[in-house]
Amino acid sequence: MPLRDEHGDIVKWYGVTTDIEDRKRAEEALGALSRDLQESKAKLEEAQCITRVGYWEWDILTGRVNWSDETYRIYGLRPQERPMNLATMREKIHPEDWGGVFRALEEALSGGARYKSECRVFRPTGEVRIIDSQGDVKRDTSGRPTLMFGTVQDITDRKRAEEALQQNQFYLAEGQRLAHMGSWAFNPSGFFEYWSQELFKIYGLDPQKGAPTLEQYLTTVHPQDRDFMANTIKRMHAERSGCDVKKRIVRPDGEQRYIRCVGIPVVEGEALKGFLGTAMDITEQERLTEELERQQAYLAEAQKLTHTASWAWRVSDRSAVHLSGELYRIYGFDPAEGELTWEEYFERIHPEDRLKWTGTVERAIVEKADYDQEFRILFPNGKVKWIHSVGHPVLSDTGDLEQFVGSSTDITELKSAEQERERLRQLEADLAHTNRVSTLGEMAASLSHEIKQPIAAAITSANSCIEWLAHEPPNLDRARAAAARIDKYGNRAAEIIDRIRSFYRKSPPRREWVDMNGIIQEMLTLLKGEADRYPIAMRTDLSAELPKIMVDRVQLQQVFMNLMLNAIEAMKDSGGELTVKSELQDGQLQFSVSDTGAGLPSQEAEQIFSAFFTTKPQGSGMGLAISRSVVESHGGRLWATANDGRGATFHFTLPTDVTKTSSQVNLVTLE
């Protein structure tokens with residue numbers, strides 16, 4: 001290079017001499033370094049992109065913020081699309097999170113903890129992402145902060161996964177709490193690696209003390225189940241198998257609980273890694289099961305005692321849904337031989353009753369209605385049973401008939417008892433009829449006198465009528481009067497005969513509205529001749545307010561006849577007075593027949609109503625027994641008392657629950 005003087009003239013030349021080869025080598029080295037730097041930068045950008053971690057710098061003195069390309073992408077921007085500063089960054093941070101970010105920056109700048117913050121940021125699309133940012137501070141020689149630099153990472157997916165995991169853990173814990181179920185993990189060394197919180201609650205243990213050892217666990221098991229559980233654990237290890245067992249535990253407070261334990265082995269290749277499982281508190285279910293078993297036992301016993309079975313059958317295929325054990329017993333089948341089929345059941349029905357039984361059931365199916373029927377079943381050995389079966393339809397929500405449920409009762413003994421009662425009723429009716437015939441036999445003399453009187457009077461009047469007609473001229477007025485007397489006495493005789501016939505006639509019981517005072521008057525008329533044979537006076541004390549009641553006229557006639565004849569019998573040697581009384585007392589009709597005879601036999605006031613007991617030489621001993629039976633069949637009561645003076649009184653009552661006055665009876669008749 002030339003060196004010039006003040007006039008511009010060249011005074012001298014000066015310069016350096018260089019080695020061109022060295023310069024070229026330096027340039028090549030610088031180029032290689034630049035290429036390595038670019039390659040490293042590219043690798044750094046690739047690493048940031050893969051890890052979703054960006055880099056940032058904040059020049060505190062100028063306020064300029066530099067972001068790596070990945071940082072721009074994390075914020076939803078194109079790499080380097082716009083310059084950044086602190087104000088621009090604040091716009092992108094969620095307002096609720098900016099305060100925390102600002103406090104972290106201040107603390108780092110003031111020499112406190114290194115910068116670390118977590119916040120939500122807005123992307124241009126409106127999407128919200130969660131980022132984690134960390135950084136350090138550079139300071140000058142005086143300690144003044146000049147630069148902050150650090151990293152930013154998009155942790156949105158991780159955060160959402162953590163939230164989902166926490167939610168799942170909450171659901172799991174809540175599900176275990178609601179189901180009273182805990183979970184556990186057991187390693188091959190004989191230690192519990194994990195016990196859930198609910199499991200601690202189930203066993204009543206303190207979670208602060210951690211999972212129990214095997215020995216501690218076995219001490220919680222009921223003494224009677226402890227060996228069983230120890231052997232179960234040994235078998236699981238030896239066979240690498242799971243378990244599903246029920247045991248009892250005793251909690252620290254002494255309460256006993258039932259636990260169902262289910263476990264499975266965890267095997268990797270040939271190695272046993274341990275066991276996983278659950279433990280469920282089934283105490284309530286177990287108690288309900290025990291109660292259900294007790295109730296089923298009570299029900300089975302009740303069905304056995306009452307000979308009543310329960311059942312349910314499906315309409316579509318006639319298959320059994322439920323058959324109680326009593327049904328098998330009633331029908332003579334063995335449940336150990338398999339479930340009873342419809343065909344076997346139908347085959348057991350008596351051939352004479354099958355058509356009626358089928359018609360009843362098919363009609364119930366068509367009408368979707370209840371059915372109630374009685375039928376017989378026939379056993380192979382010829383034995384016959386009577387069955388009373390009741391069925392009820394079960395409909396679906398849409399109204400379709402699905403099933404019938406019901407019961408079947410063995411009523412064989414009831415049927416036999418009914419038949420026996422019917423035979424006894426027939427015997428009683430025959431005996432009562434015989435008693436009436438016998439009573440009428442005793443009254444035969446008196447009745448012949450009663451009948452002869454109107455007949456003799458009618459004959460006399462007939463003779464008079466003939467004489468008056470024979471006069472010249474005939475005395476028609478007197479003849480007409482005599483003929484009228486013949487009609488009167490004939491009707492009187494017919495009336496007496498009709499009363500005897502109605503009392504004598506053998507007919508089934510028939511109830512009608514009856515005036516009881518009228519029956520008393522009829523009996524007084526019928527027995528007047530019998531009383532007149534002895535010095536016995538008959539009188540009445542009848543209430544005029546007596547309502548009509550629904551009774552069997554002939555049976556009540558027999559009661560009054562028996563009582564009044566007994567009174568006459570008691571006074572026939574000494575004479576006396578027979579009194580019949582009626583009254584309405586305490587809502588009941590009360591009647592009494594009193595005599596002034598010898599009175600009731602001593603110590604036998606109640607025995608006189610027993611069958612075949614009699615104090616009469618020719619008596620059957622059935623009159624008072626039949627009378628009491630008749631009164632009680634009408635809902636009343638018959639008893640005897642001794643009079644203060646001489647004689648005895650027989651009382652009986654009849655209820656007035658269903659009564660009609662005379663006007664009401666006439667009104668019903670007119671209707």
Side-chain angles (χ1 to χ4, degrees), residues 40-58 65-82 84-109 112-138 147-177 182-185 193-199 207 210-211 266 268 273-274 276:
S40 297
K41 184 178 179 181
K43 290 180 179 180
L44 177 61
E45 287 291 339
E46 183 68 19
Q48 290 185 28
C49 184
I50 293 173
T51 60
R52 294 187 180 182
V53 176
Y55 175 80
W56 56 268
E57 284 183 344
W58 175 31
V65 176
N66 294 321
W67 280 359
S68 67
D69 291 350
E70 184 61 23
T71 302
Y72 276 92
R73 282 191 287 268
I74 289 173
Y75 277 80
L77 302 173
R78 294 190 305 276
Q80 310 301 325
E81 75 170 61
R82 56 178 295 189
M84 289 292 164
N85 55 40
L86 201 60
T88 306
M89 286 179 55
R90 179 174 180 176
E91 292 175 358
K92 297 186 175 299
I93 296 174
H94 197 289
E96 295 178 0
D97 297 345
W98 170 249
V101 173
F102 185 75
R103 285 190 296 273
L105 289 171
E106 280 192 327
E107 187 174 358
L109 292 173
R114 69 191 300 268
Y115 172 72
K116 180 176 176 58
S117 72
E118 186 178 294
C119 63
R120 291 165 291 176
V121 298
F122 294 108
R123 285 183 170 179
T125 59
E127 181 186 5
V128 177
R129 305 293 290 180
I130 303 172
I131 64 170
D132 176 76
S133 183
Q134 301 183 39
D136 282 327
V137 180
K138 283 188 176 181
L147 181 70
M148 280 192 73
F149 61 94
T151 61
V152 59
Q153 183 178 11
D154 185 343
I155 60 171
T156 306
D157 294 340
R158 188 188 78 191
K159 273 291 184 179
R160 289 173 180 171
E162 288 175 356
E163 290 174 357
L165 178 61
Q166 290 175 356
Q167 190 175 47
N168 289 336
Q169 289 175 337
F170 169 77
Y171 290 153
L172 177 61
E174 191 66 10
Q176 289 189 2
R177 184 184 69 81
S183 53
W184 51 266
E193 294 180 336
Y194 170 73
W195 263 44
S196 70
Q197 288 297 313
E198 187 62 24
L199 204 56
V266 178
E268 291 183 5
K273 296 298 183 179
L276 297 177

Does any part of the side chain of [Y], heavy atoms only, come nearer than 4.5 Å to the side chain of [X], both counted from C-beta?
{"X": "Arg82", "Y": "Thr88", "value": "yes"}
{"X": "His94", "Y": "Val121", "value": "no"}
{"X": "Trp58", "Y": "Leu86", "value": "yes"}
{"X": "Asp69", "Y": "Gln80", "value": "yes"}
{"X": "Ile130", "Y": "Cys119", "value": "no"}
{"X": "Thr71", "Y": "Met84", "value": "no"}
{"X": "Phe122", "Y": "Pro95", "value": "yes"}
{"X": "Ser68", "Y": "Trp56", "value": "no"}

Review point. By ring pair (Phe, Tyr, Trp, His ring centres under 6.0 Å), which residues pair with Trp195, not counting sequence neighbours?
Key: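 Listed in chain order: Phe192, Phe200, Tyr203.
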Check your understanding: Within 45 degrees of the axis of the six-membered ring of Tyr75 and under 6.0 Å from its centre: does Lys92 put its NZ or CZ there?
Key ->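 Relative to the ring axis of Tyr75, which defines the angle, Lys92 lies outside at least one limit.
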Check your understanding: Quick one: salt bridge (charged side-chain N to carboxylate O under 4.0 Å, His left out) pairs with a partner in residues 97-108, sequence neighbours left out?
Key ->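 Pairs touching residues 97-108 that pass the test: Asp97-Arg120.
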Just verifying a value: how many Å separate [X] [atom1] and [Y] [atom2], rounded to the nearest 0.5 Å?
{"X": "Lys159", "Y": "Ile131", "atom1": "NZ", "atom2": "CD1", "result": "12.5 Å"}
{"X": "Phe149", "Y": "Asp136", "atom1": "CZ", "atom2": "CG", "result": "5.0 Å"}
{"X": "Ser117", "Y": "Trp98", "atom1": "OG", "atom2": "CH2", "result": "9.0 Å"}

Check your understanding: Any Lys/Arg nitrogen of Arg123 or Asp154 sitting under 4.0 Å from an Asp/Glu carboxylate oxygen of the other?
Key ->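 Yes, Arg123 and Asp154 are salt-bridged.
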Could you work out, with side chain to side chain contact (heavy atoms under 4.5 Å, CB included) as the rule, every residue matching [X], not counting sequence neighbours?
{"X": "Gln134", "value": "Arg114, Lys116, Asp132, Thr151"}
{"X": "Met89", "value": "Val65, Trp67"}
{"X": "Lys273", "value": "Val266, Glu268, Ala271"}
{"X": "Arg78", "value": "Glu81"}

Practice item. Say whether, by atom type as modelled, one donor and one acceptor occur between the side chain of Ser196 and the main chain of Ser183 under 3.5 angstrom. Key: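 Checked: pair present.
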